[in-house]
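A quick write-up on the structure given underneath.
Note that the structure is a prediction, hence the values are computed from the model and not measured. Convention: sequence-line order gives letters A, B, ...; per-chain numbering from 1.
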Amino acid sequence: MYTDKVMDHFMNPRNVGEIENASGVGEVGNATCGDIMRIYLDVEDNIIKDVKFKTFGCGAAIATSSMATELIKGKTIDEALELTNKAVAEALGGLPPQKMHCSNLAADALHKAIADYKAKQEEAK
Amino acid sequence: MRRVYLDHGATTPVHPAVVEAMVDCMQNHFGNPSSVHSFGREGKKLLEEARANVASLIGARPEEIIFTSGGTEADNLTIFGVARALRKKGNHVITSAVEHHAVLDACQALTKEGFELTVLPVDEYGMVRVEDVKAALKPETILVTIMHANNEVGTINPIKEIAQLVKAHGAVMHTDAVQTVGKIPVDVNDLGVDLMSLSSHKIYGPKGVGALYIRKGTKLSPVTHGGGQERKRRPGTENLPGIVGFGKAAEIMARELPEEMGHMGRLRQRLIEGLLTIPDVKLNGHPTERIPINVNVSIRYVEGESLLLMLDMKGIAGSSGSACTSGSLDPSHVLLAMGLSHEVAHGSLRLTLGRDNTEEDIEYVLDVLPQIVERLRAMSPLYANKEG
C-alpha cells in the first residue's frame, strides 16, 4: 500500500520532538478524525533553523510529518510557505488515494506554525 | 525474524488435510454433481459427504444445509430471501448496530424495498440486550437477525434467549455464526434459530465457500435464479473443491474443538493479562462471554494503523478497527456503538488466535508490543498533553 519512502519515514521519522520556546507552533487535525499534527519552528533571521513535530495518526500521517520537516529545514519562511500537501506526498513517492484526504495535513500544520510565528513577530513590535 | 499470525478472525490458514482433500477432488473427481454419469455421481457423493459434515458440526440435518460463496452471501440470502418470502405477513426487520456489514448493508438495502428496519443498540460490552429485542418486536416483525458473536470484540450474544422470544412471537430468527462455529460448541437446535450463516475460511477451510442452515419449513425466496442446485435456493454449479474442503475442515473441527478451545482460551488469558499491564490499555468486549480466540484492546494515545504497521515490521499480524485501515474517516462502527470515543476507538487492536499459535508467540508479542506503544506515544501530541 505504501511506497518504500513512506515506510522509511514512518519507521525512521526525522525531526520528532518538541522545541522549547518555539518561534511558532502549528497544530491541525483532531483526535476524532484520527490525525493530529503539531509542528514546532525555530526561526532565526527569517530562516527555519530547526523544526520538530509530534503526530498522532496513521503511517501516512507520520511519514508526511517527517517529510514536511525535512523539506523545509534551512528554508526561508517564504520558501516554506510555498510547500503544499501535494508536494509532500510527491516527495514520498505518492500516497494511496484514501490517505490523501485525512493524512496529508503536514503542510497545513507548517503553514499554521508560520502564521503563529508571524503573529508573535507582530506582537513583539 | 519470528512470524506470528494473530489475525485468525479475518481468515485462518488452510489445514493440510483440507488441501489434500481439495487437490484429490480437483484431480480425481471433477465431474459436475448435477450430471447423471458416473463422473457426476462421484462429485455428488463428495458434495453430500461435505454437506453431512457441515450439518453435523452444528447439529443440523444435511438437507437443511445449502452451500454459498461465503458468509456474506449466506447473510444476504437470508435477509432478502426471508423478507421477500414473508412480505405479505409483515415488513419489519430487526438487527443490531454491531452486525457485520454483510447484514447491516443488506438490511439497509431492504428499506429501499419498503421494509422497516430497527437497529438495536448494544451495551458497553457490545452485547445485544434481550429486553431490547422484546421491546422492538411488533406484529409486523418477520425477521430478527442478530450475530452469535461479534467479529471485532468477540462478545457472544444471548442468542438462545433471543430466539425463544422471536419464535414465540412468530417471527424468523437468523444468526450470523461465522465467528462462533469452530470456536465454541454451536447447535442450531439448542440455540433455536431458523437460519444460521457459516464460513469455511474461518475454520481452516478454503475461502469463497460458506453455508446457510435453513430449518425445515422456513420460507425463503431465492436471490439468484438459473438452476435447480441446492434445492433451488442457490442455483449455480457448486464449487465442489471448495465445498469438499469446507466439509473436511468441519469434520476436523468437530473432532478437535474441545482441545482447541482449551488451548486458545489459555493463550487468550495470558495475552489479555499481559496487555493490561501496559498503562492506559482497556479490554474491549465482554470479559467472560467472548469467543476464546479474540482479544481486542484500545491503546490510548496511539493510532491503530501505525501500531499494525510497526507490529508487522516485527513479524506480527493483527488487525484494527481504526478508520485508517478501512479507508473511511470513522473508526469501527462496533466500537462506536459500544460507546467508545472516536479517539479511543482509533487506537484499537484486535489479535485473534489460532490452533498453531504457541505460548512463545504470545510472550513475543508481549515483549514487542510495549516497546512499540512507547515509541508511538513518544511521538504523540495527545500523550504529551496527558503527561502535561
Within a strict 4.5 Å, meaning less than it, do heavy atoms of the B/Tyr383 and A/Lys54 side chains meet?
no

Taking C-beta and beyond as the side chain, do B/Ser306 and A/Ile62 meet within less than 4.5 Å on heavy atoms?
-> yes

Please look at [X] and chain B and tell me whether the side chain, the backbone, both or neither of the residue comes under 4.5 angstrom of a heavy atom of that chain.
X       : result
A/Met7  : side chain
A/Ile36 : both
A/Ala61 : neither

Would you say [X] has more than 12 foreign heavy atoms packed within less than 6.0 Å of its [atom1]?
X        : atom1 : answer
B/Glu273 : CD    : yes
A/Gln121 : CD    : yes
B/Arg2   : CZ    : yes
B/Tyr125 : OH    : no
A/Lys120 : NZ    : yes
A/Asn12  : CG    : yes
B/Lys314 : NZ    : no

Of all heavy-atom pairs linking A/Phe56 and B/Glu303, the shortest is CE1-N, 3.7 Å

In terms of heavy-atom contacts, A/Val16 and B/Met379 come closest through CG1-CG, 3.5 Å

Checking B/Glu305 side chain against A/Gly59 main chain: does a donor-acceptor pair fall under 3.5 Å?
yes

Heavy-atom distance under 4.5 Å to chain A: side chain of [X], backbone, both or neither?
X        : value
B/Ala345 : neither
B/Val302 : backbone
B/Arg375 : side chain

Given B/Gly347, B/Pro381, B/Ala378, the one with more heavy-atom pairs under 4.5 angstrom with chain A than any other is B/Pro381

The reported gap from CE in A/Met11 to CG in B/Asp312 (rounded to nearest 0.5 angstrom) is 9.0 Å

